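Both backbone and side-chain heavy atoms feed into the values below; hydrogens, waters and symmetry mates do not. Order of the sequence lines fixes the chain letters, A, B, ..., with proteins taken first and strands second; residue numbering starts at 1 for each chain. Computed from a predicted model, the values in this text were never measured in an experiment.
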Number of protein chains: 2
Amino acid sequence: MWSDGPVPPQRRDLRDPRGPAVARGRGARGGRAGAPRERRRASHSLESVLAETVALLDEAGEAGLNFRALAGRLGGGVGSIYWYVSSRDELLDRAADHVLGSVLDAVAPVGASEAGDPVDDLRTIAVTLFDAIVDRPWLGAYFMRNTEVQPNSLRLFEKLGQQVLRLELTPRQRFHAVSAVVGFVVGTAADMGQQPPEAVLSGEVGRDDYLAAAVDQWRALDAAQFPFVHHIADEFAAHDDADQFRAGLDLLLAGLRLQAGG
Amino acid sequence: MWSDGPVPPQRRDLRDPRGPAVARGRGARGGRAGAPRERRRASHSLESVLAETVALLDEAGEAGLNFRALAGRLGGGVGSIYWYVSSRDELLDRAADHVLGSVLDAVAPVGASEAGDPVDDLRTIAVTLFDAIVDRPWLGAYFMRNTEVQPNSLRLFEKLGQQVLRLELTPRQRFHAVSAVVGFVVGTAADMGQQPPEAVLSGEVGRDDYLAAAVDQWRALDAAQFPFVHHIADEFAAHDDADQFRAGLDLLLAGLRLQAGG
DNA sequence: ACCTGAACACCGTTCAAGT
DNA sequence: ACCTGAACACCGTTCAAGT
């Protein structure tokens with residue numbers, strides 16, 4: 001799992017350690033009196049850049065996030081974004097972590113009571129994270145990629161781990177358990193969040209019709225060669241993503257419970 | 001799981017149903033005798049396009065796959081690739097399925113004996129798929145995205161399902177079980193296959209040193225706020241990706257075994 | 001210290017022309 | 001039926017110049 005570690009110092013592109021200045025509104029109006037239609041100088045902050053990035057991502061998806069569109073929304077030039085992040089990838093890393101702040105807030109109460117069941121608490125956190133990624137499919141690919149610019153990712157990893165700490169396991173088993181949960185949640189959510197085909201997106205074809213059409217093709221396959229596909233065709237046609245995710249998570253957690261001795 | 005279904009007919013970009021012509025070598029030399037340095041006309045086939053795509057992907061990664069480089073390797077122009085696929089995405093879909101052929105061959109004997117344990121057989125297939133994705137990280141994102149152009153994806157899904165068919169479960173449970181295994185395998189493998197930082201790739205810093213540097217930063221965190229991170233720091237520093245994957249898979253399979261009643 | 005925007009290098013895709 | 005390659009639209013990134 002390469003993505004789990006903070007990046008070593010030599011990779012970090014060091015900038016002003018104090019970070020960018022606080023936003024000062026929209027900047028003072030420039031030029032002497034009477035100078036016509038002078039564009040005023042825009043002023044940003046990491047906060048506003050990330051907020052606008054997330055908004056654009058929510059509206060247009062990852063493919064719709066580009067520096068020109070983002071600069072337009074921020075009311076400035078493309079170049080200024082590079083003052084706050086050193087690449088599009090880092091922008092996505094930071095945007096992902098930005099959004100994870102809400103997830104962290106949502107799960108803050110979880111695990112507070114020592115009396116609660118650790119595995120149930122683990123499940124609650126996992127489900128919350130899952131929901132967040134389904135809502136924003138781009139999140140999956142950037143979760144915990146670089147813990148140095150993603151403190152919230154690390155805190156969430158820690159939070160999951162703290163529940164497992166209450167189980168009787170070896171450190172190695174605990175590490176594997178949390179990694180497995182994260183892998184399952186992120187992998188499944190990313191898969192489910194994949195762009196449905198154009199016809200569905202545009203509302204031209206409903207999701208149910210889409211699934212039905214897919215299943216019809218499955219049913220047309222040779223039953224002797226594809227017994228399983230035929231066996232689950234009805235289930236697939238009627239399935240709910242969230243149910244499917246939870247069923248898998250419960251399998252994983254049942255195995256964990258067993259390992260922890262009941 | 002949008003990606004599980006074949007695409008409905010209306011999305012399919014219908015071409016000659018007989019498919020592209022078989023490769024005819026490198027094409028006849030063109031032009032009348034004596035015409036100097038006339039470039040001969042290249043001739044491809046879906047097979048050769050996919051083989052060259054996979055080769056390029058293996059050498060340069062997904063970021064290195066572009067139409068100009070691919071056309072160069074094929075000895076032709078960019079446009080001709082569009083005779084065989086209608087977009088870069090479809091090229092990746094087909095390339096992924098092309099590679100899955102070997103995975104399918106590798107697991108052909110699995111499950112042949114009714115006497116074998118179905119869960120063990122399921123694990124064997126899962127591990128084989130995992131290894132293939134770790135080797136080619138781009139595979140993960142394109143696995144079972146469009147079963148209409150990915151027959152091998154569907155066959156692999158079927159193969160996993162056939163093992164689960166031997167377990168005493170409801171169709172719904174079987175559907176969920178296979179989906180969970182696929183989600184876990186693909187998600188974990190894709191995560192682990194993520195590009196390590198430049199310094200590691202170039203051999204400038206070894207993987208162990210990289211992990212050690214990451215872990216050092218974890219150890220510098222406040223122990224009261226990050227008890228779990230401290231708890232597993234040693235494990236993380238020494239971990240092996242394949243072990244980690246198998247431990248998680250075994251948790252999932254243990255849960256499945258339990259559900260199947262032993 | 002921070003912003004601007006033209007310029008560069010590169011890329012997927014199209015299409016009129018060719019064979 | 002299949003291939004060619006110039007052209008188009010678009011994109012991340014850089015950087016000299018500005019404030």
Starting at atom CZ of A/F67, determine the distance to atom P of D/dT13, rounded to an integer number of angstrom.
5 Å
Which value, rounded to the nearest 0.5 Å, describes the distance between B/S179 atom OG and B/L160 atom CG?
10.0 Å
Side-chain contact check for B/R68: nearest option of C/dC3, D/dC2, C/dT13 is C/dT13
In terms of the angle between their ring planes, are A/F157 and B/W218 parallel, tilted or perpendicular, with boundaries placed at 30° and 60°?
tilted
From CZ of A/R73 across to P of C/dC3 the rounded distance in Å is 18 Å
What integer distance in Å separates A/L74:CG from C/dC3:P?
10 Å
Secondary-structure stems, DNA chain C, at least 3 Watson-Crick or G-U base pairs under 3.5 Å:
C:4-8 with D:12-16, C:12-16 with D:4-8
Nearest-angstrom distance from the residue atom CG of A/N66 to C1' of D/dT13:
13 Å
Between P of C/dT4 and CG of A/L70, the distance in whole Å:
12 Å
The side chain of A/Y84 lies closest to which of these nucleotides: C/dC2, D/dG12, D/dT13?
C/dC2
Basic-acidic side-chain contact under 4.0 Å: B/R94, B/D97:
no
Spacing of A/R88 atom CZ relative to C/dA9 atom P, expressed in whole Å:
22 Å
Rounded at 0.5 Å granularity, tell me how far OG in A/S153 sits from CG in A/D93.
8.5 Å
Closest-nucleotide mapping onto DNA chain D: is A/V78 or B/V78 further toward the 5' terminus? I mean the 5' end.
B/V78
B/R136/B/E62 salt bridge by N-O under 4.0 Å criterion
no
Expressed as a whole number of angstroms, how long is the span from A/H44:NE2 to C/dC2:P?
12 Å
Return the nearest nucleotide to the side chain of A/R41; candidates are C/dC2, C/dT13, D/dT4.
C/dC2
Residues B/R145 and B/E90 bridged, charged N to O under 4.0 Å
no
Counting only side-chain heavy atoms from C-beta out, which of C/dT19, D/dG12, C/dC3 sits nearest to A/A42?
C/dC3
Please check the phosphate of D/dT4 (OP1 and OP2 only) for any side-chain N or O of B/S80 closer than 4.0 Å.
yes
Aromatic plane relationship, B/F130 with B/F245 - under 30° parallel, 30 to 60° tilted, over 60° perpendicular:
parallel
Take atom CD1 of A/I81 and atom C1' of C/dC3, then tell me their distance rounded to the nearest Å.
11 Å
Short side-chain N/O contact from A/W83 to OP1 or OP2 of C/dC2, under 4.0 Å
yes
